[in-house]
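Structure first, commentary second.
Values below: every heavy atom of this structure, side chains too, minus hydrogens, waters and symmetry copies.
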Amino acid sequence: RQALEEMRALYERNQADVSEAKSGRTDLIFLIRFRHCCLLRNQRCLLAYLYDRLLRIRALRWEYGSVLPNTIQFHMSAEEVEWFNRYKKSLAAYMKSVGGEEGLDLTQDIKPPKSLYIEVRCLRDHGEFEIDDGTTILLKKNSQHFLPRWKCEQLIRQGVLEHILS
């Protein structure tokens with residue numbers, strides 16, 4: 001916001017000096033060019049900042065999944081939340097088109113797994129959790145389970161489960 005205010009002030013001063021330069025004051029041309037270069041620099045800095053935020057928001061989709069925690073979403077603007085939702089839908093459409101009839105979840109197994117099943121501890125009450133074979137498991141705080149890695153990796157990233165290392 002401070003950079004935008006500075007840009008607005010530089011632009012207004014340039015506009016005033018341009019009208020004077022048109023009336024014959026050629027000594028202002030260098031000052032106008034200098035301010036214009038300052039405006040372009042500030043514009044590049046703001047665009048780099050916004051691009052960095054978009055890259056971080058895109059990384060959040062891969063880290064937390066399709067639902068962001070409220071603590072993170074609180075620090076995002078409405079436009080950033082909208083961009084996140086559009087990226088989420090675009091990624092989901094792509095994953096559905098790649099993997100056949102069920103789709104391919106690219107967000108799973110970001111690092112190659114060492115084993116297919118892992119032991120996890122529930123850090124907070126989550127409720128019922130269904131595995132592919134139809135088994136329903138109740139995830140209560142401090143309960144331990146031996147689950148397929150790919151089914152619980154998302155919950156580990158969200159902080160619901162904790163991987164117990166032997």
Answer yes or no: is there a donor N or O on one side and an acceptor on the other, between the side chain of Arg61 and the main chain of Asn85, under 3.5 Å?
no
Taking all atoms of both residues into account, what is the closest heavy-atom pair of Ala3 and Leu46, and its distance?
CB-CD2, 4.0 Å
Can you sort out the partners of Gln144 under side chain to side chain donor-acceptor pair (under 3.5 Å), two or more places apart, ordered by chain and number?
Glu119
In Å and rounded to the nearest 0.5 Å, what is the CG to CE distance from Leu60 to Met76?
7.0 Å
Report yes if some heavy atom in the side chain of Gln43 is under 4.5 Å from a heavy atom in the side chain of Leu39; otherwise report no.
no
Tyr87 meets the ring-ring contact (aromatic ring centres under 6.0 Å, His included) criterion, sequence neighbours left out, with Trp83
Can you tell if the side chain of Val120 reaches within under 4.5 Å of the side chain of Leu155, non-hydrogen atoms only?
no
Do His163 and Arg121 have side chains that approach each other closer than 4.5 Å (heavy atoms only, starting at C-beta)?
no
The criterion is side chain to side chain donor-acceptor pair (under 3.5 Å); which residues satisfy it with Gln73, sequence neighbours excluded?
none
Common cluster, Val81/Tyr49, ILVMFWY with side-chain heavy-atom separation under 4.5 Å:
no
State yes or no: do Ile131 and Ile164 share one hydrophobic cluster built from I, L, V, M, F, W and Y residues joined by side-chain heavy-atom distances below 4.5 Å, directly or via other members?
no
Considering all heavy atoms, the nearest Ile118-Cys152 contact:
CD1-SG, 3.7 Å
Using a 3.5 Å distance criterion without hydrogens, assess whether the side chain of Glu80 forms a donor-acceptor pair with backbone atoms of Ser77.
yes
Under a 4.5 Å cut-off applied to non-hydrogen side-chain atoms, are Asn142 and Leu123 in contact?
no
For the residue pair Tyr11 and Met7, establish whether any side-chain heavy-atom pair is separated by less than 4.5 Å.
no
Which residues share a ring-ring contact (aromatic ring centres under 6.0 Å, His included) with Phe30, sequence neighbours left out
none
State, with a plain yes or no, whether a side-chain heavy atom of Lys141 is found less than 4.5 Å away from one of Cys122.
no
Could you tell me whether a side-chain N or O of Asn14 sits under 3.5 Å from a main-chain N or O of Ile32, the two making a donor and an acceptor?
yes
Trp62, Tyr64: one ILVMFWY side-chain cluster at the under-4.5 Å cut-off?
yes
Minimum-distance pair of heavy atoms, taken over all atoms of Phe84 and Gly65:
CZ-O, 3.7 Å
So, taking the atom named OG1 in Thr135 and the one named CD1 in Ile137, what distance separates them when rounded to the nearest 0.5 Å?
6.5 Å
For Arg25, what residues pass the salt bridge (charged side-chain N to carboxylate O under 4.0 Å, His left out) criterion, not counting sequence neighbours?
Glu20, Asp27
Are the side chains of Gln154 and Arg157 in touch, meaning some heavy atoms are under 4.5 Å apart?
yes
With sequence neighbours left out, the residues meeting side chain to side chain donor-acceptor pair (under 3.5 Å) with Glu5 are Arg8
Does atom CD (Gln15) have a neighbourhood of more than 12 heavy atoms from anything else shown, all under 6.0 Å?
yes
Report the distance from atom CZ of Arg41 to atom NE2 of His36, rounding to the nearest 0.5 Å.
14.5 Å
Taking atom CG of Leu50 and atom CD of Glu79, what is their separation to the nearest 0.5 Å?
10.5 Å
Heavy atoms, side chains only, cut-off 4.5 Å: are Leu161 and His126 in contact?
no
Nearest 0.5 Å please: distance from the OG atom of Ser97 over to the CE atom of Met95.
10.0 Å
What residues form a side chain to side chain contact (heavy atoms under 4.5 Å, CB included) with Tyr51, not counting sequence neighbours?
Leu55
Nearest 0.5 angstrom please: Leu116 CG to Leu147 CG, how far?
13.0 Å
For Tyr117, which residues count as a ring-ring contact (aromatic ring centres under 6.0 Å, His included) partner, sequence neighbours excluded?
Phe146
Could you pull out all residues at least two apart from Gln158 that satisfy side chain to side chain donor-acceptor pair (under 3.5 Å)?
none
Side chain to side chain contact (heavy atoms under 4.5 Å, CB included) against Arg56, all qualifying residues, sequence neighbours excluded:
Asp52
Output all residues satisfying side chain to side chain contact (heavy atoms under 4.5 Å, CB included) with Lys151, sequence neighbours left out; order by chain, then residue number.
Phe129, Asp132, Pro148
Mind checking side chain to side chain contact (heavy atoms under 4.5 Å, CB included) for Cys38 and listing every partner two or more places apart, or none if nothing turns up?
Leu10, Phe34
